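To keep things clear, I will list the structure first and then write my remarks on it.
Values below: all heavy atoms of this structure, side chains included; hydrogens, waters and symmetry mates excluded. These numbers come from a predicted model, not from an experiment.
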Amino acid sequence: MTVFHKVNRSGKAKVLSPDEQDLIKSHLPEKYRLIAEILYWSAGRISEVLSIRVRNLVPSTGMVLLERQTTKTKSTREVYLPPKLMDSLVRRASGLRLRPSDFLFF
């Protein structure tokens, strides 16, 4: 199965099915899988996601804060993440013994 291809000659990209998304994620190391999932759920830019600090995770509400300094619009955005993804992010931060000011993906 070819995952990365154009579906017509006008340059429109193929929308990946859930099975194709799972196939790609299954071949990524955990760090990059988490980044890909945050990108998917937040519709954020890669620079916004890579700038997430531990303090930006709010597990009680299931939100992650994309700080205004890192966003294109220069306004802070609150993005809901599924509980399973939030748990994985919190486990990553605690497993690596990251402080609140540390970047989640260094």
Is there a path of hydrophobic side-chain contacts, each under 4.5 Å between heavy atoms of I, L, V, M, F, W or Y residues, that connects [X] with [Y]?
X: Leu57; Y: Tyr40; result: yes
X: Val90; Y: Leu65; result: no
X: Leu85; Y: Leu98; result: yes
X: Val54; Y: Leu34; result: yes

Salt bridge check: are Lys84 and Glu37 linked by an N-O gap of less than 4.0 Å?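 A salt bridge is absent here (no side-chain N lies under 4.0 Å from a carboxylate O).
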
Find out whether [X] and [Y] are in side-chain contact, i.e. whether some heavy atom of one side chain is under 4.5 Å from a heavy atom of the other.
X: Val49; Y: Leu104; result: no
X: Glu67; Y: Glu48; result: no
X: Phe106; Y: Leu50; result: no
X: Val64; Y: Trp41; result: no
X: His27; Y: Leu23; result: yes
X: Arg77; Y: Ser42; result: yes

What closest approach, in Å, do Asn56 and Ser51 show between heavy atoms, and which atom pair accounts for it? OD1-O, 4.2 Å

What closest approach, in Å, do Glu20 and Leu16 show between heavy atoms, and which atom pair accounts for it?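 Here Glu20 and Leu16 meet closest at OE1-CA, 3.3 Å.
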
Which value, rounded to the nearest 0.5 Å, describes the distance between [X] atom [atom1] and [Y] atom [atom2]?
X: Met63; Y: Glu78; atom1: CE; atom2: CD; answer: 4.5 Å
X: Arg99; Y: Arg53; atom1: CZ; atom2: CZ; answer: 10.5 Å
X: Ile46; Y: Leu39; atom1: CD1; atom2: CG; answer: 4.5 Å

Would you say Tyr80 has more than 12 foreign heavy atoms packed within less than 6.0 Å of its OH?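 Check passes, neighbour count above 12.
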
Given Thr76, Ile38, Ile52, the one that forms side-chain contact (heavy atoms from CB on, under 4.5 Å) with Leu66: Ile52

Tell me which one of Arg92, Arg91, Met86 satisfies side-chain contact (heavy atoms from CB on, under 4.5 Å) with Ser88.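 That would be Arg91.
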
